[in-house]
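Just the heavy atoms: all of them, side chains too, but no hydrogens, waters or symmetry mates, feed the values below. Residue numbers start from 1 in every chain, and the chains themselves are labelled A, B, ... in the order their sequence lines are given, proteins ahead of strands. Remember, it's a predicted structure, so these values are computed and weren't measured experimentally.
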Number of protein chains: 2
Amino acid sequence: MDVPEVVVLRLPLYVRALTQLQREGAEVVSSHQLGGRLQMTPAQIRKDLSYFGRFGKQGRGYNIEFLLDELRDILGLTREWRACLIGVGRLGRAIINYTGFAPEGFSIVAAFDSSQRHIGTTVGDLTVRPMEDLSHAISDQRVTIGIVAVPAVQAQSVIDTLVENGIHGILNYAPVAPHVPMGIVMRNIDPVISLQSMTFYLKDA
Amino acid sequence: MDVPEVVVLRLPLYVRALTQLQREGAEVVSSHQLGGRLQMTPAQIRKDLSYFGRFGKQGRGYNIEFLLDELRDILGLTREWRACLIGVGRLGRAIINYTGFAPEGFSIVAAFDSSQRHIGTTVGDLTVRPMEDLSHAISDQRVTIGIVAVPAVQAQSVIDTLVENGIHGILNYAPVAPHVPMGIVMRNIDPVISLQSMTFYLKDA
DNA sequence: CAATGTGAACGTGTTCACAGCA
DNA sequence: TGCTGTGAACACGTTCACATTG
């Protein structure tokens, strides 16, 4: 069973929309209604879901609670995910203080920096540790995700270090397109790149 | 001449890689070399560029300075882009203080919030203004991009307001999939969604 | 001779349309 | 009757392969 990557990228959007519908008190939703919310075609939603199973009932639609449970299970969202953060400059501190991760089951359990200026300081409720501690922290605290918030020049070497220490998932905020071995899952958060592709469409409007 | 959107999304990556090559002193690059940097096939790079013109020389490759100028022009990066920010909570303040925008020609020239608690306070070098000022600020300060950093529940209505006031490009940090009319260019920055699609691949590794 | 530019071939993702079921 | 699930048709994006050119 091989699922297209684009489909996986859309599943979290379904989770979010279904969660909202649930909060609004809905119990059942059709692919047409869900498509309306997400500006997608009903066929695409049905096809996406069909890669994983048959979750709906003909004539009725999808039971929201059931579908949510299934999708959370498929995405691996039923467990807690522990991440470490590298780089506690302005950006890194903002990430630690971001309140959006915890409610979704993502927690930052360790923070690292290479600069003596930051090591030993407190950010949020974390004490910043030296890079040398990374290896032990990853195994001791069962960290599985690395969040990279260092300057562009350091990003590749930090990512190499994470990978050497067994990290398979990397959320990269540095403005670079890093090189990683196959099997490592990387997501880039890069507002400048987003803006630079936006201006193409704005430039003569 | 119709350019696929995926191609436009890749152009900023070319700009960034070429800029780095230039800093390293290179003057010419082949599609093969550039592909190595970006983990892309040479054919894709050549095809992408061919949508916009013939920038290379057979047997030599691409002149970096020339190609950079062309790409910057294509993307509309030769001018300054002025943005306004809505929402000066923790996230909004971090965005205003982010130093990555200015060097790329994006400046935040006005900040708004609906809460009396924030209005009149200073963030970076901006004084936070009430939402009522939005309309005038957009025309007076020639703002063309809106950056949304409000809580999820307010995001749709803020975006509606931006669109009503002539904004065509929106960088949305709120964790929602907003509904916008055709012709509005939206980019979502959403680390939670990124993590939630990552865990699919991590969950049994 | 090396590397571009590009139609043609291929593969992947989306949409259609309808059989099947509640 | 209403809506799902899904093969088949289609559209879109990527890769190939080679003619072309400095």
key: More than 12 heavy atoms of other groups within 6.0 Å of A:Lys57 NZ   = no
key: Basic-acidic side-chain contact under 4.0 Å: B:Arg93, B:Asp113   = no
query = According to the salt bridge (Lys or Arg N to Asp or Glu O under 4.0 Å) rule, which pairs have a member within residues 148-174 of chain B, sequence neighbours left out?
reply = none
query = Rounded to whole angstroms, how far apart are CG on B:Leu49 and P on C:dA3?
reply = 16 Å
Length of the CG-C1' vector between B:Leu34 and C:dT4, whole Å = 14 Å
inquiry  = Short of 4.0 Å, heavy atom to strand atom, which residues of residues 17-29 of chain A count as contacting DNA chain C?
reply    = none
Nucleotide nearest A:Ser30 when distance is taken to its side chain, options D:dC3, C:dG13, C:dG5 = D:dC3
task = Grab the CD1-P distance between A:Ile45 and D:dT4 for me, whole Å please.
result = 9 Å
query = To the nearest Å, how far apart are A:Tyr51 OH and C:dG13 C1'?
reply = 7 Å
task = Kindly say if B:Tyr62 contacts the phosphate of C:dG5, meaning a side-chain N or O under 4.0 Å from OP1 or OP2.
result = yes
query = CZ of A:Phe55 versus P of D:dT6: gap in Å, rounded?
reply = 11 Å
message = I'd like to compare against my own output: the B/S/- annotation of nucleotides 15-22 of chain D with a strict under-4.0 Å heavy-atom distance to protein.
response = BBB--BBB
message = Using five base pairs at each end to define the local axes, how bent is the helix from C:dC1-D:dG22 to C:dA22-D:dT1, to the nearest 10°?
response = 10°
query = Looking just at side-chain N and O atoms, do B:Gln196 and A:Glu104 make a donor-acceptor pair shorter than 3.5 Å?
reply = yes
inquiry  = Holding to side chain to side chain donor-acceptor pair (under 3.5 Å), I want the full list of residues that pass it with B:Asn172, two or more places apart in sequence or in another chain.
reply    = B:Asn188
Atom pairs and distances, donor-acceptor, side-chain atoms in residues 68-85 of chain B, under 3.5 Å, two or more places apart:
unit_1, atom_1, unit_2, atom_2, d
B:Trp81, NE1, B:Gly76, O, 2.8
B:Arg82, NE, B:Gln141, O, 3.0
B:Arg82, NE, B:Arg142, O, 3.4

key: Rounded interatomic separation in angstrom, taking CD from B:Glu5 and C1' from D:dG13   = 13 Å
request  = Without swapping roles, check the side chain of A:Gln22 against the backbone of A:Glu27 for a donor-acceptor pair under 3.5 Å.
outcome  = no
key: Length of the line joining B:His32:NE2 and C:dG5:P, which is rounded to integer Å   = 17 Å
query = Is it the case that B:Lys203 places NZ or CZ above or below the six-membered ring of B:Phe200, under 6.0 angstrom from the centre and within 45 degrees of the axis?
reply = yes
ask   = How long is the gap from CZ on B:Phe52 to CG on B:Leu11, to the nearest 0.5 Å?
value = 4.5 Å
request  = Test A:Met198 against B:Phe106 for side chain to side chain contact (heavy atoms under 4.5 Å, CB included), laying out the working first.
outcome  = CA-CA 12 Å; A:Met198 178 190 289; B:Phe106 296 95; over 6 Å; no
query = Is the closest side-chain donor-acceptor distance between B:Asp48 and B:Tyr14 under 3.5 Å?
reply = yes
